[in-house]
Amino acid sequence: MLDIVGFMENNNEDMNKLLGGRIRTLRTERGYTQQELGERADINYKFLGEVERGQQNPSFQILVKIAAGLDIELPELFRFEQEITDRKELIKRINSIIKSLNDNNLQQALASLKILFPIR
């Protein structure tokens, strides 16, 4: 999960865009239109679109409704790993995980990577 310190260092606009992108990803994964999710969450679909574009800062109550409309637990809205698309940021986060591993876990990670991404 995106660490809270890194999250807080971003400005509000970036945080709104990150959250909005996460909501959009979850909505599209479920095959919902904005209107369908708006109905499921009992919020206006136009407002939902503004949230997804990072133009609105949703209240806690709205986030609870969105999570319920998506049929997920609230913390799932804040799992931003899939929303990070910048290659440098991805490499930075991967390196931070690798540096925290002990030798045994590092060997397991290498074995997993070899299985997932065989060198040709």
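All figures in this text were calculated on a predicted structure; none of them were measured in a lab. Below, all heavy atoms of this structure are taken into account, side chains as well, without hydrogens, waters or symmetry copies.
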message = Given 3.5 Å as the limit, does a donor-acceptor pair link the side chain of Ser96 with the main chain of Lys92, or not?
response = no
key: Under 3.5 Å: donor-acceptor pair, side chain of Arg22, backbone of Leu18   = no
key: Verdict with reasoning, Ile72 to Arg30, per side-chain contact (heavy atoms from CB on, under 4.5 Å)   = CA-CA 11 Å; Ile72 61 171; Arg30 284 155 181 75; 3.0 Å; yes
task = Give a yes or no on this: more than 12 heavy atoms of other residues, nucleotides or ligands lie within 6.0 Å of atom CG of Asn95.
result = yes
ask   = Heavy atoms, side chains only, cut-off 4.5 Å: are Leu70 and Arg27 in contact?
value = yes
request  = Compare every heavy atom of Asn102 with every heavy atom of Asn104, then report the nearest pair and how far apart it is.
outcome  = N-OD1, 3.1 Å
Heavy-atom closest contact (Asp42 atom, Lys65 atom, distance) = O-NZ, 3.6 Å
Hydrophobic cluster membership, Leu116 vs Leu110, 4.5 Å side-chain cutoff = no
Co-members of the apolar cluster containing Tyr45 [side chain, <4.5 Å] = none
query = Would one find more than 12 heavy atoms of other residues, nucleotides or ligands at under 6.0 Å from atom CG of Asp103?
reply = no
remark   = Using a 4.5 Å side-chain heavy-atom cut-off and chaining through intermediate ILVMFWY residues, the residues clustered with Ile97 come out as none
query = Quick one: which of Leu19, Leu26, Leu48 gives a side chain to side chain contact (heavy atoms under 4.5 Å, CB included) with Ile66?
reply = Leu48
ask   = How many angstroms lie between atom CZ of Arg24 and atom CD of Glu52, to the nearest 0.5 angstrom?
value = 5.0 Å
message = Could you check whether any side-chain N or O of Glu76 sits under 3.5 Å from a backbone N or O of Glu73, counting only pairs where one atom can act as donor and the other as acceptor?
response = no
query = Same cluster for Phe117 and Ile115 if Ile/Leu/Val/Met/Phe/Trp/Tyr side chains link at under 4.5 Å?
reply = no
message = Please tell me whether Leu113 and Leu101 are part of a single hydrophobic cluster in this structure, the criterion being side-chain heavy atoms less than 4.5 Å apart.
response = no
request  = Could you grab the distance from atom NZ of Lys46 to atom CD of Gln34, nearest 0.5 Å is fine?
outcome  = 11.5 Å
inquiry  = The criterion is salt bridge (Lys or Arg N to Asp or Glu O under 4.0 Å); which residues satisfy it with Arg40, sequence neighbours excluded?
reply    = none
ask   = Taking atom CD1 of Ile98 and atom CG of Asn105, what is their separation to the nearest 0.5 Å?
value = 12.0 Å
query = Atom NZ of Lys99 and atom CG of Leu106: how far apart are they, to the nearest 0.5 Å?
reply = 12.5 Å
